[in-house]
Amino acid sequence: MPRVVVLGGGYAGLACLIELSKNDKSLELHLLDAGVDHCKITNLHKTFHHELEKFTVSYAELAKKFNFTFHQHRLDFSEQDLARWHHQQKLPLPRKELPFDWLVVATGASPIQLHAGPGSFGQNELRLGNGKALLENLLETAAVEPLQISLVGGGATGVQVLFELHEQLRRKRVPYKLRLIDQNQRLVPNLPEGVDKYIAKKLRRGGIDYLPGTNYLGHTDEQIQLAELATGREYSLPCQQTLLFPGVSATPSTLETNAYGQIMSSGRTLENILSAGDCSKFDSSGLNYLTAQAAVRKGKLVARNIVRLSGGKKPQTYRYQEKGYLVSLGAIDAIGWIGLRCNLVRGFPASVIKDGMETQYDLFLNGVDTYLDFP
Ligand SMILES: Cc1cc2nc3c(=O)[nH]c(=O)nc-3n(C[C@H](O)[C@H](O)[C@H](O)COP(=O)(O)OP(=O)(O)OC[C@H]3O[C@@H](n4cnc5c(N)ncnc54)[C@H](O)[C@@H]3O)c2cc1C
C-alpha cells in the first residue's frame, strides 16, 4: 500500500489529508505534527474572550475521521535533509524510521522575532491560550492606573488583534490608550486602496493613535522605544504592554516548488516530496500569499497530484486565484474585497461574510467540502 506522510497539520496539511482520504482509499496516510491539536489560527484574535479550545480540534479525532495515523513529533530539517530523505525514502523518527512513498511538507510560517522585552506578547502566546489571561492582567492594571498599550504591526493580523482588544477593553469601561505602530506608511498594504482609509478612519474614531513609518526598537521598564524611519529620531513612550504582530516568515524557509507542488532543490526536482501552505512558493500563476485560502487550495492540489502521479497521469498546475480577503475589525465590523479587488465590502455585511468563511472551513473539517473553485 503506497504510504503518504504529511509533515505539518495546519490548513494545508489537513486539506491534503482530507482530499487523499476521500479520493484514494488505497493509500496509507500519516501525519506528523509538533502539537496535539489542529488550530484554526485565523480565529486567534478572538481568544481574548473565547477559550482557545473553541478553535482547536485534536489530531486524534481528525485521524479517526479521515483515516490517518498521527505521530506527535517535531521534525526539524534543512533543504539538505529533504534531498537526503528523498534519496532514502524514509524519515528519521525517534523510535524507528518511517518509510514513505510520498512526503508533503506543510510546516507553515512562524512569527518574525523582534526584540521582545518583558511585558511583550505575540502570536505564540495567543496560540498557547494566554489571550484571556493577558486581558485579565490588563484589566487589573487598569484598576490602578490608566493603561497604555502598543501594538506593533499594521498587517491584517495586527489590525484584527488591535480591534478585538479595543472592543474588549471598551466593553469593560476601563481607562486605556491604544497605539498602533507600523514601519509602513500604509495599513494592510496587500489589500486594495480604500481598505486602509476605512481602517484609518476607524482608528481615529476609536481614539487609537496611529504611528506609521515608525520602527519598534524594544520595550523596557514600562516604556516602548521607537524610531522615526524618515529622520532616524529615537524616542520612548510610556507603555505597560506591547503586542508584537510584525508578520510571519516561512518555517524553516521558503520551499520553492514547480507548478505541481514538487520541491525544487539545487536545480533538481524532488519528485516524491511536495510542499503546500505558507512554507511553499509555487512556480505558477496561482496565489502564493501566506493565507489560509491559498494553503487549503495548495493542500488539495498536491493531494490530487499525488493520486495522479501514482496512477501514471500528468499532474495539474496550480492556478488558484484569490476570491477575496476580509479583515475583521471587531465582532460586527470588517473590511475587504470579494470577487474583484475593486468590489469593497465593509461593515456588518462584510463581517457576516467573514464568519461564513470560517463556517466553510468548519464544514470542511467535518467532511463537507464546499471549496468548489478548484484548482
Ligand atoms: C491571527 C491570525 C489571523 C489570520 N487570519 C487569516 C484570515 O482571515 N484569512 C486567511 O486566509 N489567512 C489568515 N491567517 C493566515 C493563515 O492562518 C495561514 O496562512 C495558514 O494558517 C497557513 O496554513 P499552513 O498549513 O501553511 O500553516 P499552519 O496553519 O501554520 O500549520 C503548520 C503546522 O505545521 C506544524 N509544524 C511546523 N513545523 C513543524 C516541524 N518541524 N515538525 C512538525 N510539525 C511542524 C505546526 O505545529 C502547525 O500545526 C491568519 C493568521 C493569524 C496568525
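What you are looking at is a predicted structure, and each value in this text was computed from that prediction instead of being measured. Atom set for the values below is all heavy atoms of this structure, side chains included, hydrogens, waters and symmetry mates excluded.
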Distance (rounded to the nearest 0.5 Å) between Gln240 CD and Gln223 CD: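 Spacing of CD (Gln240) from CD (Gln223) equals 10.5 Å.
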Determine whether the side chains of [X] and [Y] contain a donor N or O and an acceptor N or O closer than 3.5 Å.
{"X": "Thr220", "Y": "Gln225", "answer": "yes"}
{"X": "Asn190", "Y": "Tyr289", "answer": "no"}
{"X": "His49", "Y": "Glu167", "answer": "no"}
{"X": "Asp333", "Y": "Tyr198", "answer": "yes"}
{"X": "Asp362", "Y": "Thr359", "answer": "no"}
{"X": "Ser78", "Y": "Gln80", "answer": "yes"}
{"X": "Glu358", "Y": "Asn43", "answer": "yes"}

I want to know whether His38 and Tyr11 have ring centres closer than 6.0 Å.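 Ring centroids of His38 and Tyr11 are less than 6.0 Å from each other.
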When the ring centroid of Tyr371 is compared with that of Phe364, is the distance short of 6.0 Å?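 Here the rings of Phe364 and Tyr371 have centres that are less than 6.0 Å from each other.
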Pair Lys22 + Asp369, salt bridge at N-O below 4.0 Å: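 The answer is yes: the pair qualifies as a salt bridge.
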Knowing that exactly one of Lys177, Gln241, Arg179 qualifies, which makes a side chain to side chain donor-acceptor pair (under 3.5 Å) with Ser150?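 Going through Lys177, Gln241, Arg179 one by one, the side chain to side chain donor-acceptor pair (under 3.5 Å) with Ser150 is satisfied by Arg179 alone.
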Would you say that His166 contacts Tyr176 through its side chain, given a criterion of any heavy-atom pair below 4.5 Å between the two side chains?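 Touching, per the 4.5 Å side-chain cut-off.
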Quick one, Val105 and Ile273 - any side-chain contact, counting heavy atoms below 4.5 Å?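 Touching, per the 4.5 Å side-chain cut-off.
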Geometric cation-pi criterion Lys40 and Tyr361, 6.0 Å radius, 45° cone: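 Relative to the ring axis of Tyr361, which defines the angle, Lys40 lies outside at least one limit.
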Which residue pairs pass the salt bridge (charged side-chain N to carboxylate O under 4.0 Å, His left out) test when at least one of the two sits in residues 346-356, sequence neighbours left out?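 Applying salt bridge (charged side-chain N to carboxylate O under 4.0 Å, His left out) to every pair that reaches into residues 346-356, excluding sequence neighbours, yields nothing.
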Could you please spell out the steps behind the ring pair (Phe, Tyr, Trp, His ring centres under 6.0 Å) verdict for Phe100 and Trp85? CA-CA 9 Å; Phe100 64 85; Trp85 295 347; 7.8 Å; no
Can you list the residues that meet the side chain to side chain contact (heavy atoms under 4.5 Å, CB included) rule with His50, with sequence neighbours excluded?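 Counting only residues at least two positions away or on another chain, His50 forms a side chain to side chain contact (heavy atoms under 4.5 Å, CB included) with Lys46, Lys54, Phe55.
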Is atom [atom1] of [X] surrounded by more than 12 heavy atoms (other residues, nucleotides or ligands) closer than 6.0 Å?
{"X": "Lys65", "atom1": "NZ", "value": "yes"}
{"X": "Asn67", "atom1": "CG", "value": "no"}
{"X": "Arg205", "atom1": "CZ", "value": "no"}

Would you mind listing the cluster partners of Phe348? Hydrophobic ones only (ILVMFWY), side-chain contacts under 4.5 Å, chaining allowed.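 Noted: Phe348 shares its cluster with Ile332, Val352.
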